Amino acid sequence: NWGRSGKLTLQEHTRYGRQLIMPEIGLRGQLRFKNAAALIVGVGGLGCPAATYLAGAGVGTIGLMDGDTIELSNLHRQILHTQKWLGLSKVDSAVEKLMERNSENHYVAHHCNLDQKRAVETMRKYDLILDCTDRPSTRYLVSDAAVLAGKPVVTASALRTEGQLMVLNNPPKSLDNPGGFCYRCVFPKPPPAESVLSCGEGGILGPVVGVMGVLMAMEALKILSPLHPDHGYQDPTKASCDPIPPSLLLYSAYSNPPFRSIKLRGKRKGCPSCSDTATITEESLKSASSDHAAFCASTSP
Amino acid sequence: NWGRSGKLTLQEHTRYGRQLIMPEIGLRGQLRFKNAAALIVGVGGLGCPAATYLAGAGVGTIGLMDGDTIELSNLHRQILHTQKWLGLSKVDSAVEKLMERNSENHYVAHHCNLDQKRAVETMRKYDLILDCTDRPSTRYLVSDAAVLAGKPVVTASALRTEGQLMVLNNPPKSLDNPGGFCYRCVFPKPPPAESVLSCGEGGILGPVVGVMGVLMAMEALKILSPLHPDHGYQDPTKASCDPIPPSLLLYSAYSNPPFRSIKLRGKRKGCPSCSDTATITEESLKSASSDHAAFCASTSP
Amino acid sequence: MDTKADDEGNLPIVVEFTGGLELLFSNQRKHQIALPSTDENGRSANLAFLVRYLCQSLMTGRRKDMFVTDGTVRPGILVLVNDADWELEGEDQYELKRNDNILFVSTLHGG
Amino acid sequence: MDTKADDEGNLPIVVEFTGGLELLFSNQRKHQIALPSTDENGRSANLAFLVRYLCQSLMTGRRKDMFVTDGTVRPGILVLVNDADWELEGEDQYELKRNDNILFVSTLHGG
Ligand SMILES: [Zn+2]
Ligand SMILES: [Zn+2]
């Protein structure tokens, strides 16, 4: 969508040299990054570090979507934003900082929150969605729209001392492929509104959400440049390279061990979003019909 | 050493609001951060994210030590450095960026690499050392000097798709306390030089070293503001709050599960650095006598 | 481990709460408990019984509705049996075994 | 799991390499192997024997010195038995059991 390139400049060879020499990436992987477009929904505590490392790696097109402005209480964890940008747009702040770091990439500013009317259409222009939002309604909307647009999603969240990360719709659902599980497969019903704490209410430690954001960037890079033995690269995890089981990564900063990988059930039969009997369509999403409306009606922060 | 403060300004209350409301931090923890001094040795792929999140959290004094200048191949992972700073000092670049983000903290520039003649003396001014260096000789020097200065160390490293993290000398060795294990307890003999790959040779993915750097910041915050049930805070991990066993955290970006916590033996009897029969002294470190010289002689990058 | 409880026919298990659920249980993440090995009707203790038992005997918070609604764990909570989704293990009919680790994870939404 | 090997009295174990050591072993991190249950002298297979066996039967790289020096794993490599340092388990005298997981970690130095 955004133009393709078949080679790297000398500058790029130098800049990405430390990745280029790795068998996991190589020239093939770097070109995939260069020609890839990732949409970061939410430029806060997760989106800032995720965008920083995707931009560093040379992901050629990075969309940044957020309707918020920067507050002083954001700065401890939203690492692209600085004091002189207080009160101004998070997206504009992020684009400026990312340009300073890597002007080789294109940055696309979306000065809004994810809107159910335009979500699918917007996602179609990207290869991958990073869900860096901060409310349950938007998480269902990101997942539903990404399934309809046929894009994988890296989703994470954090509160207080804990974080969670999943990869959804990977591979994406298509005519040939039933696709990976979606957010609704894991959480078919939304939590009662009164059980949901925001970062403002529960608090959040900067490095906790930071770790999750950087891990999102890593998962995104793995999806954008998957390991392919048939591309002349021998998979280092060959012995365990059966399809990765559906899993949820938990981080708990004060627990020992701090990380835990949880085995999920995966795709849910009759899932209204991703099954072959799905009831959520691009039309129903736009018109906010059915029970979907209950969680997606409010997508403003 | 750097001045102490017993309260927060209104600005600080707002800025750190999301941490202040957490029982793990609270006003007590925030004041500890404000009055703490952390030394970051190496302002590269680990030091940049570690410094970013420590500055965000309000660690009042942050020392930054590095003798290097910025190269284009650093930018994909060294997130404080930008294009216009190419060829200039990493420490100066970092101080400018951290000031933009949080001018409440003091930043102390050390335009040099860690020197065995001044290491102990320098570390005495700080409460905590973050070992963000990139060569074995310096890792032994950081650990040896920190044991002598009586400071805990958060040490991490990364190469290609993997990272490792440990907390050393925690609690610090003192007259009253034998202290935690040190780097030499885990690796009594240095690896043969030809077995050591640098990031330049082996390659490194940005988010891999980034995750390790952010995790270092988290461990640093835990050390600077430990959980204390007797300070009116009930430890959420009470049931498992026996002293945390000596451990090494492994991250492997392409493995499943990606994180593994390894149980280490801990303190080694007769360790030349941290045991009661230690042979490494401030004097021997300065004069580079004994076998120590072999790994610490070269501390320039 | 409570060996006395074992003699009485109780099951020693570990129950963990994360994602804020620990606030309902003495603000403590990890609990070693001795679960009666049979439920109110003399059947082997299963996860449904464990959830009832936790509400009656371990919960200290008042907001029971943050943990259960309509007789089972509320939407937005994952139940893991030895680190696997309980839906892989028979959901609330799963019969508990000695030393099982049961983890309740409330999904987080911050970012 | 190789059940045939079991019948022959071999021990099925998992051996993993990280930190660059995988480059010496077909660039593969995780290996399911069937280790002869006794060593050259008829004694139960221990870690010292495993290290010799790996050098002879599994290593594909030429730089044996990157893995062993002076008859044992080189300095800078941690050996973990079921995720615990082998020094907690008797070092190279530890006798292997079925389904043990042995992890060789080469320390990293980049940053
Ligand atoms: Zn689904
Ligand atoms: Zn020691």
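Hydrogens, waters and symmetry mates play no part in the numbers below; they use all other heavy atoms, side chains included. What you see is a predicted model; the values in this text were computed from it and never measured. To find a chain, count down the sequence lines: A is the first, B the second, and so on, and within it residues start at 1.
Among the candidates B:Thr14, B:Ile79, B:Val211, B:Leu215, the residue making the largest number of heavy-atom pairs closer than 4.5 Å to chain A is B:Ile79. In terms of heavy-atom pairs under 4.5 Å with chain A, the best-connected choice from B:Pro49, B:Pro257, B:Ala253, B:Pro258 is B:Ala253. Taking chain A as the reference chain and counting heavy-atom pairs below 4.5 Å, the highest number among B:Tyr53, B:Trp85, B:Tyr251 is found for B:Tyr53.
At a 4.5 Å heavy-atom cutoff, A:Leu20 makes no contact with chain B through either its backbone or its side chain. Both the backbone and the side chain of A:Thr161 come within contact range of chain B, with heavy atoms under 4.5 Å apart. Looking at A:His81, only its backbone comes within 4.5 Å of chain B, counting heavy atoms on both sides. Residue A:Ser252 does not touch chain B at all, counting heavy-atom pairs closer than 4.5 Å. In this structure, the portion of A:Met99 lying under 4.5 Å from any heavy atom of chain B is its backbone and not its side chain. Both the backbone and the side chain of A:Gln11 come within less than 4.5 Å of a heavy atom of chain B. At a 4.5 Å heavy-atom cutoff, the contact between A:Leu221 and chain B is made by side-chain atoms alone.
Pairing each heavy atom of B:Gly202 with each of A:Met22, the nearest pair is O-CG, 3.8 Å. Among all heavy-atom pairs drawn from B:Gly203 and A:Ile21, the shortest one is N-CD1, 3.4 Å.
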*asked:* side chain to side chain donor-acceptor pair (under 3.5 Å) for A:Arg15 and B:Gln83? Distances and angles first, verdict last.
replied: CA-CA 11 Å; A:Arg15 181 189 278 270; B:Gln83 294 169 183; 2.6 Å; yes
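The side chain to side chain donor-acceptor pair (under 3.5 Å) with A:His76 is formed by just one residue from the set B:Arg101, B:Arg18, B:Gln19; it is B:Gln19.
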